[in-house]
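Presented below is the structure to which this report refers.
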There are 2 protein chains.
Amino acid sequence: MGKRNGESLPTIYDVARECGVAPSTVSRALSQPGRVSAKTSERIHEVAARLGYQANPLAKYLPTGRTGTIVLIVSDITNPVYFPVIRGAESAAAAAEYTLVLSDVGESPEREREVMEKLVRTVDGFALATSRLTDAAIRAVARRRPMVTMNRVTQQVPSVVPDNGQGMRYAGEHLAELGHRRVTYVSGPPTSWANTVRWRALRAAGEQLGMTIRRIGPYAPTVAGGWAAAADLVSPLPTAVIAYNDLLAIGAMQGLHDLGVKVPDDVSVIGCDNILGSDWCTPALTTLAAPLRELGTRGVQHLIAMINGADARPRRPLVLPSQLIVRESTAPPRDEDGDRPGSGRE
Amino acid sequence: MGKRNGESLPTIYDVARECGVAPSTVSRALSQPGRVSAKTSERIHEVAARLGYQANPLAKYLPTGRTGTIVLIVSDITNPVYFPVIRGAESAAAAAEYTLVLSDVGESPEREREVMEKLVRTVDGFALATSRLTDAAIRAVARRRPMVTMNRVTQQVPSVVPDNGQGMRYAGEHLAELGHRRVTYVSGPPTSWANTVRWRALRAAGEQLGMTIRRIGPYAPTVAGGWAAAADLVSPLPTAVIAYNDLLAIGAMQGLHDLGVKVPDDVSVIGCDNILGSDWCTPALTTLAAPLRELGTRGVQHLIAMINGADARPRRPLVLPSQLIVRESTAPPRDEDGDRPGSGRE
DNA sequence: TTGAAAGCGCTAACAC
DNA sequence: GTGTTAGCGCTTTCAA
């Protein structure tokens with residue numbers, strides 16, 4: 001029969017025989033402390049240790065269907081924005097004694113779908129970091145397994161997101177205070193929920209603050225994408241730029257530099273996320289720091305609560321505050337723009 | 001009994017009943033095309049689709065013990081050096097129709113051990129990217145499951161590594177050609193195999209080229225670590241620095257900058273790995289580019305070959321060539337050093 | 001407290 | 001070709 005390919009490993013039956021007890025007793029001794037006499041239990045543990053017995057997780061999980069594993073699906077692992085999210089998720093999972101595995105889908109909705117399909121029966125729950133799937137596809141999986149989304153809101157699926165609205169308002173106010181009036185938003189992927197939300201929030205803030213907000217794009221949310229955007233940025237050159245994310249902003253700064261445009265002298269640049277590296281580019285990037293680690297911890301905590309039976313149809317997205325980190329890429333616009341610095345709110 | 005927590009999903013028995021055939025026939029129809037009459041097969045597929053049947057992977061894998069999943073364990077996912085490794089591993093896994101999951105152990109040997117222990121029976125094989133475990137611990141797991149290590153050599157375990165020796169020689173020659181004579185190596189983690197190998201190779205190259213090579217450290221292989229190293233670097237300040245990795249090099253450049261030391265005017269800096277971001281720091285970093293993507297692909301290819309029965313006690317490490325990428329952080333030393341530029345080999 | 005036995009869902013030997 | 005049946009290793013009633 002289907003013997004294991006190598007030499008086969010000890011099972012509870014081996015332990016049971018060796019101890020002269022029933023397999024079920026071994027099972028109990030090993031997983032339900034107290035339901036077996038101290039004596040037998042001790043002997044069983046002893047023999048199990050001697051034989052090097054270890055439960056076969058596949059067999060263990062078959063009857064219950066629970067594996068103690070959750071997966072964090074990340075839309076693109078090469079984006080440093082996920083580092084803190086991952087770390088947060090890991091710590092929450094570890095605290096609850098769950099194993100967290102990661103899956104990278106490289107910005108591909110197809111791969112994302114495949115991975116979910118493959119894993120849907122072998123993990124206890126899904127955490128989606130910035131899914132690129134349609135709402136319908138997300139909901140379909142969410143019906144089969146506990147799921148939480150991060151940085152993305154889908155009706156009927158619990159989610160945790162940064163406060164993009166508030167954040168974009170901060171960014172707008174910062175620019176207004178410096179005296180900027182003409183701002184361009186550099187779009188990320190059209191399938192990105194955050195992109196849409198950020199653009200809308202910025203437009204709204206701009207209106208309130210009396211600024212003219214243009215939009216260009218979409219561009220790939222990468223350094224290369226930002227570099228490409230730079231070319232589109234110069235005609236006409238605004239006094240300030242806000243990019244969908246830091247990678248895009250850094251790429252744009254590089255492209256601008258190559259075109260002879262100086263940041264922040266000729267144009268100010270703001271990114272989003274405060275990724276690793278946003279402080280070591282030149283000039284250091286002013287950016288809207290999302291509460292990334294908290295996204296990970298809170299998301300996974302909620303997921304695990306759902307797995308443990310919390311009601312799955314929760315109220316509304318958990319919104320976490322963002323923070324503007326002012327570094328060197330923003331400054332007052334050139335005089336020709338005619339605004340006195342600090343006119344925004346002071 | 002152990003019913004699934006939600007409503008229970010359709011099984012082959014449901015499909016079989018609906019079709020009026022035996023469960024085994026359903027199994028065959030679904031997994032061994034051709035061993036069932038076209039007619040029945042078609043009907044079975046039809047019903048299966050209608051019922052939304054999907055095999056329970058846990059049950060499927062129990063008899064064979066094979067899950068079609070491999071895990072890539074990464075010592076620290078927040079180090080961009082792994083991006084290409086991961087991508088390479090993913091593509092190789094996908095090509096062989098294996099599911100690749102990632103596991104980050106955050107530089108913790110304990111976590112690494114736990115993860116392996118937890119997954120050893122549920123994955124078909126392990127790929128270790130820069131393990132921080134002892135050789136003995138690695139071998140112990142390698143005896144239980146197919147395994148390959150990347151960027152690390154352990155006796156009896158197949159591995160794929162960059163050619164650190166050749167690479168360090170390139171780096172040394174580059175500095176020699178520029179006229180450098182006093183070089184300091186900034187060490188990474190003492191448990192890192194690559195750190196040891198790089199240091200030895202550099203020392204050997206330095207001897208051949210008539211350079212004085214010092215070593216400081218160890219430091220954490222992070223930007224913060226490099227920043228700390230800068231303070232130790234200035235007394236006495238060498239004319240050139242080679243760091244264990246790019247993160248350290250970038251941190252050192254920042255620290256040096258804060259101390260008023262100019263790169264490359266006062267001191268040249270070389271990193272290792274060519275990570276994302278090494279070209280957007282200031283000055284852009286000269287670095288030894290490891291064949292990272294290939295590390296991932298070749299490693300996983302080999303792993304899968306082992307899973308499929310290739311002999312597990314392979315000859316020697318697969319060594320892949322490195323490449324020196326010269327950017328802006330290296331230049332001839334100040335005149336006081338008294339060497340004519342280009343004296344190295346021309 | 002412990003044992004016997006059924007069952008989780010699927011695969012594969014062995015008949016027919 | 002297709003059905004019967006015996007496991008894979010563990011958990012969990014149900015009795016004793």
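Note on naming: letters A, B, ... go to the chains in the order of the sequence lines (proteins, then strands), and numbering restarts at 1 for each one.
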Discussion item. Taking only side-chain N and O atoms of Tyr13(A), does any of them lie within less than 4.0 angstrom of OP1 or OP2 on dT11(D)?
Written reply: no

Discussion item. From OH of Tyr61(A) over to C1' of dT12(D), roughly how many Å is that when rounded to an integer?
Written reply: 18 Å

Worksheet item: For Leu30(A) and dT2(C), what is the distance between atoms CG and P respectively, to the nearest whole Å?
Response: 14 Å

Practice prompt. Round to the nearest Å and state the distance from Ile44(B) atom CD1 to dT11(C) atom C1'.
Written response: 15 Å

Practice prompt. Check every atom of dG3(D), dT11(D), dG7(D) against the side chain of Pro63(A) and return the nucleotide holding the closest atom.
Written response: dT11(D)

Worksheet item: Looking just at side-chain N and O atoms, do Ser37(A) and Thr40(A) make a donor-acceptor pair shorter than 3.5 Å?
Response: yes

Practice prompt. Assign Ser37(A) to base, sugar-phosphate, or nothing according to its heavy-atom contacts below 4.0 angstrom with the strands shown.
Written response: sugar-phosphate

Discussion item. As a test of reading the structure: which of dG3(C), dC10(D), dT1(C) is closest to the side chain of Thr40(A), going by heavy atoms?
Written reply: dT1(C)

Worksheet item: Going by an N to O cut-off under 4.0 Å, is there a salt bridge joining Glu117(A) and Arg144(A)?
Response: yes

Discussion item. Could you tell me how far apart Lys60(B) (NZ) and dG7(D) (P) are, to the nearest whole angstrom?
Written reply: 23 Å

Fill in: Nucleotide nearest Ala59(B) when distance is taken to its side chain, options dG3(D), dG9(C), dT2(C)
dG9(C)

Worksheet item: Of the nucleotides dG9(C), dT4(D), dT2(D), which one has an atom closest to the side chain of Ser24(B)?
Response: dT4(D)

Discussion item. Just N and O in the side chain of Ser27(B): are any of them under 4.0 Å from OP1 or OP2 of dT11(C)?
Written reply: yes

Discussion item. What is the separation between atom NZ on Lys39(B) and atom P on dG1(D), rounded to the nearest whole Å?
Written reply: 14 Å

Item to complete: Would you give the length of the straight line joining atom OG of Ser131(B) to atom CZ of Arg113(B), rounded to the nearest 0.5 angstrom?
Response: 10.0 Å

Discussion item. Checking contacts here: which listed nucleotide (dT2(D), dC10(D), dT5(D)) is nearest the side-chain heavy atoms of Arg28(B)?
Written reply: dT2(D)

Practice prompt. Report yes if a side-chain nitrogen or oxygen of Gln32(B) is closer than 4.0 Å to either non-bridging phosphate oxygen (OP1 or OP2) of dT11(C); otherwise report no.
Written response: no

Worksheet item: Tell me: CD1 of Ile12(A) to C1' of dA5(C), nearest whole Å?
Response: 13 Å

Item to complete: Quickly work out the Asn56(B) CG to dG7(C) C1' distance and round it to whole Å.
Response: 13 Å

Practice prompt. Report yes if at least one side-chain N or O of Tyr53(B) is closer than 4.0 Å to OP1 or OP2 of dC10(C); otherwise report no.
Written response: yes

Worksheet item: Do Arg132(A) and Glu112(A) meet the salt-bridge criterion of a basic N to acidic O distance under 4.0 Å?
Response: no

Discussion item. Can you identify which nucleotide, out of dC8(C), dC10(D), dG3(D), has its nearest atom closest to the Val21(B) side chain?
Written reply: dG3(D)

